[in-house]
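Residue numbers start from 1 in every chain, and the chains themselves are labelled A, B, ... in the order their sequence lines are given, proteins ahead of strands.
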Amino acid sequence: MSIRLHDSLSRELRPLQPSHPDGVYRFYNCGPTVYAPAHIGNFRTFVVNDVLRRLLELEFGPARVKHVRNLTDVDDKTIRRAREEGRPLAVVTKQWTDKFHADCAALNCLPPHVEPTATGHIREQVDMIDVLMQKGNAYRAPDGSVYFKVGSFDGYGRLSRVKERELQLGSALAGKPQAADADEKEDVSDFALWKAHKNEDGDNAWDSPWGRGRPGWHIECSAMSKKHLGDTIDLHTGGVDLLFPHHENEIAQSECCNGVPFARHWYHSEHLLVDGKKMSKSLGNLYTLDDLVAKGFSPMALRYALLAGHPRKQLNFTLDSLHAAEKALGTLRSFRASLAPADGDEQAFAAVHAALDDDLNTPGALGALFTVVNRGPAGVSLAAFDRALFAFGLKLDAPAALKVETPAAIQALAEKRWAAKQAKDFAAADALRKELTAAGWSMLDRRDGYSLEPAKK
RNA sequence: GGCGCGGUAGCCAAGUGGUAAGGCCGAGGUCUGCAAAACCUCUAUGCGCCGGUUCAAUUCCGGCCCGCGCCUCCA
């Protein structure tokens, strides 16, 4: 059974197979820009890519998958943030890189095998730009910036079906101000490979044959992909918003530089919507993982919710979906607890893996999983269940939610109620339960004791 | 204006040319004094609207309406 995945370039389902003689599947996933905490939309893409990574490992073996995901640690946003905070760029990006790693770990995402940074690959980027200059695919503008000449690459626009970035009448762009560097470019479609140093860049500049400056955004992925995976890779992924211009530009740069096809397969996950709209600060509908944890949800519930929609369809995120996820996870937990460690049907979850292998149909797979769960634990292999859970990356033993200190007054009420119950003074016990409920706490009785939790909203 | 995606039960969401997976919510039940948990049962003659093709369409084709995304930094 091979994995079939939609290819954004050919727009069809194509099987995933390693193309290099060593049998290692080369997988590049565009990573985050580290200037702020990633939001849950970012994490949708990273979680989806993590499932993909897991499927590849299941298919080819863990040693036959090389997963690279970059960190963009120098660009307009990171530099602006550092300037605003009066801190060195590296300090700012380190902070948010650490936060990103912590969030990924909480969401049970496997770390990529290589996580290259843009600032760690200046030389490689300069080298590529150099080749593009020599081949006539790039030119130096009067201010010292270097641009890629889009007109020099016939294949430009194949991925996004956007021939040129021409402004058309009626376009959403019409009337909007052009980029500041527009007048330096020979053509509006051209994009920056190297940005000449400006005052606001501060110390964040490197020497190059064209003067001091910093790399453009697009070239970093081309350079890091080339260095760590080679000239032709098996799969390149990212969110749909990267399709144009980022990935289109990567193809142009890499293919003009290397003279061979860049990526054999392209995959783009769709956006997470909140309240029916793309998340944005201005709409006030942006959530980070911490925001949700503060509301009492577990990271695993977020992961589940992110997988509840087809990765190639926009998913409308709601807090309700997190409640549903939390409940579903609980069902999975108790199902697992009811499985006997003895042998069982190893193929019980074949339908789950089939759905996953069929274009990463995570909601279909989740449906198949529960279909098995609903039939009951009899004869189901624990190992097979765990293998299915591994594919989703759902960790059932993750702490349910954040721990909250129980106030002394609440604790005292609970003690009183427990004593009343032991004395079989049920009227008093019920009255105390009401008090606790009114105070926002629920008291859960067991045979041998009780526990307290903040009431679920 | 160009490119792309979608409209399936209260909410979320798969799927198929032959009669609607799954999760949540809700309802009923079993079990514990109650509550919670757990477990069991039930919950769309219907898949945006209008035509067409077909023995048969939610599924194919055409038109329309509505929503979203990209075309500018963006997962």
Atom P, compared across B:A56 and B:U19: separation rounded to whole Å
16 Å
Quick check: do A:F385 and A:P377 have side-chain heavy atoms less than 4.5 Å from each other?
no
Tell me what A:G367 touches on the nucleic acid: a base, only sugar-phosphate, or nothing, going by heavy atoms under 4.0 Å.
base
Less than 3.5 Å between a donor and an acceptor, one on the side chain of A:D445 and one on the base of B:C34, is that the case here?
yes
Spacing of the P atoms in B:C5 and B:C24 (rounded, Å):
32 Å
Between the base of B:A75 and the side chain of A:H271, is there any donor-acceptor pair under 3.5 Å?
yes
One pair to check against side chain to side chain contact (heavy atoms under 4.5 Å, CB included): A:T288 and A:I40. What are the steps and the verdict?
CA-CA 6 Å; A:T288 63; A:I40 60 175; 5.9 Å; no
Atom pair distance, as rounded to whole Å: NE2 in A:H246 and P in B:C73:
12 Å
Would you mind pulling out the nucleotide paired to B:U45, Watson-Crick or G-U wobble, both distances under 3.5 Å?
none
Please name the nucleotide paired to B:U54 by Watson-Crick or G-U wobble geometry with both distances under 3.5 Å, or report none.
none
Report the C-alpha distance between A:N49 and A:T237 in whole Å, list the side-chain angles of each, state the deciding distance to 0.1 Å, and finish with yes or no for side-chain hydrogen bond (donor to acceptor under 3.5 Å, both in side chains).
CA-CA 8 Å; A:N49 275 274; A:T237 67; 2.5 Å; yes
Does any donor-acceptor pair link the side chain of A:R433 with the base of B:A35 at a separation under 3.5 Å?
yes
Let me know the distance between CG of A:D320 and P of B:G23, rounded to the nearest Å.
16 Å
Just to be sure I understand the rule, does A:L444 reach a base, reach only the sugar-phosphate, or reach nothing, if contact means heavy atoms closer than 4.0 Å?
base
Expressed as a whole number of Å, how far does the C1' atom of B:C55 sit from that of B:A38?
49 Å
Assign A:G41 to base, sugar-phosphate, or nothing according to its heavy-atom contacts below 4.0 angstrom with the strands shown.
base
What's A:H310 touching, base or sugar-phosphate or nothing? Going by heavy atoms closer than 4.0 Å.
sugar-phosphate
For A:M279 and B:C73, what is the distance between atoms CE and P respectively, to the nearest whole Å?
20 Å
Specify the separation, in whole Å, of atom CG of A:L315 and atom P of B:G67.
20 Å
In whole angstrom, give the distance that lies between atom CZ of A:F335 and atom C1' of B:A38.
15 Å
What integer distance in Å separates A:E250:CD from B:A75:C1'?
14 Å
A:H218 and A:F191 aromatic centres sub-6.0 Å:
yes
When you compare B:A13 with B:A44, how far apart are their C1' atoms, in angstrom units rounded to a whole number?
14 Å
Rounded to whole angstrom, note down the C1' distance from B:G48 over to B:G6.
11 Å
Around A:K416, counting heavy atoms of other residues, nucleotides and ligands shown, do more than 12 lie under 6.0 Å from its NZ?
no
Would you measure the distance from the P atom in B:U58 across to the matching atom in B:G46 and give it in whole Å?
10 Å
Of the options B:C12, B:G23, B:G69, whose atoms approach the side-chain atoms of A:K277 most closely?
B:G69
Sugar-phosphate only, base, or nothing, as touched by A:G276 at under 4.0 Å among non-hydrogen atoms
sugar-phosphate
Do A:H268 and A:S8 have side-chain atoms, one donor and one acceptor, less than 3.5 Å apart?
yes
Give me the ring orientation class for A:W266 and A:H247: parallel if the planes are under 30° apart, tilted from 30 to 60°, perpendicular past 60°.
tilted
Base paired to B:U32 (Watson-Crick or G-U; both N/O distances under 3.5 angstrom)
none
No-H, no-angle donor-acceptor pair, A:R375 side chain to B:G22 base, under 3.5 Å:
no
When the P atoms of B:C31 and B:A36 are considered, how many whole Å apart are they?
16 Å
Among A:D75, A:D73, A:D76, salt bridge (Lys or Arg N to Asp or Glu O under 4.0 Å) partner for A:R214
A:D76
Residue matched to B:G4 through Watson-Crick or wobble contacts both under 3.5 angstrom
B:C68
Tell me whether the side-chain N/O atoms of A:N374 come closer than 4.0 Å to OP1 or OP2 in B:G23.
yes
Starting from P on B:C5, measure out to CG on A:L243 and report it in whole angstrom.
12 Å
Phosphate contact (B:G15 OP1 or OP2) by A:N361 side-chain N/O below 4.0 Å
yes
Between B:U54 and B:C65, how far apart are the P atoms? Round to whole Å, please.
28 Å
Taking only the side-chain nitrogens and oxygens of A:S334, find out if one of them lies under 4.0 Å from OP1 or OP2 of B:C39.
yes
Which of parallel (below 30°), tilted (30 to 60°) and perpendicular (above 60°) describes A:H121 and A:H228?
perpendicular
Does a nitrogen or oxygen in the side chain of A:K327 sit under 4.0 Å from OP1 or OP2 of B:A37?
yes
On the side chain of A:D430, is there an atom forming a donor-acceptor pair with the base of B:G33 - under 3.5 Å, no angle test?
yes
Contact under 4.0 Å: A:K421 side-chain N or O vs B:A35 OP1/OP2
no
Whole angstroms only, please: what is the CD-P distance between A:Q422 and B:C34?
15 Å
Could you tell me whether A:S321 contacts a base, only the sugar-phosphate backbone, or nothing, with contacts defined as non-hydrogen atoms closer than 4.0 Å?
nothing
Assuming nearest nucleotide by heavy-atom distance, tell me which of A:A308 and A:A328 is located more 5' along RNA chain B.
A:A308
Pairing nucleotide - B:G10, Watson-Crick or G-U, each distance under 3.5 Å
B:C24
Which residue lies toward the 5' end of RNA chain B, A:F426 or A:G31, if each is placed at its nearest nucleotide?
A:F426
Can you check whether A:F370 stacks with the B:G22 base, using ring centres under 5.5 Å and planes within 30°?
no
Are OP1 or OP2 of B:A75 and a side-chain N or O of A:K278 less than 4.0 angstrom apart?
no
Please determine if a side-chain N or O atom of A:K434 lies less than 4.0 Å away from the OP1 or OP2 oxygen of B:C34.
no
Look at all strands and tell whether A:R417 reaches a base, only sugar-phosphate, or nothing, counting heavy atoms closer than 4.0 Å.
base
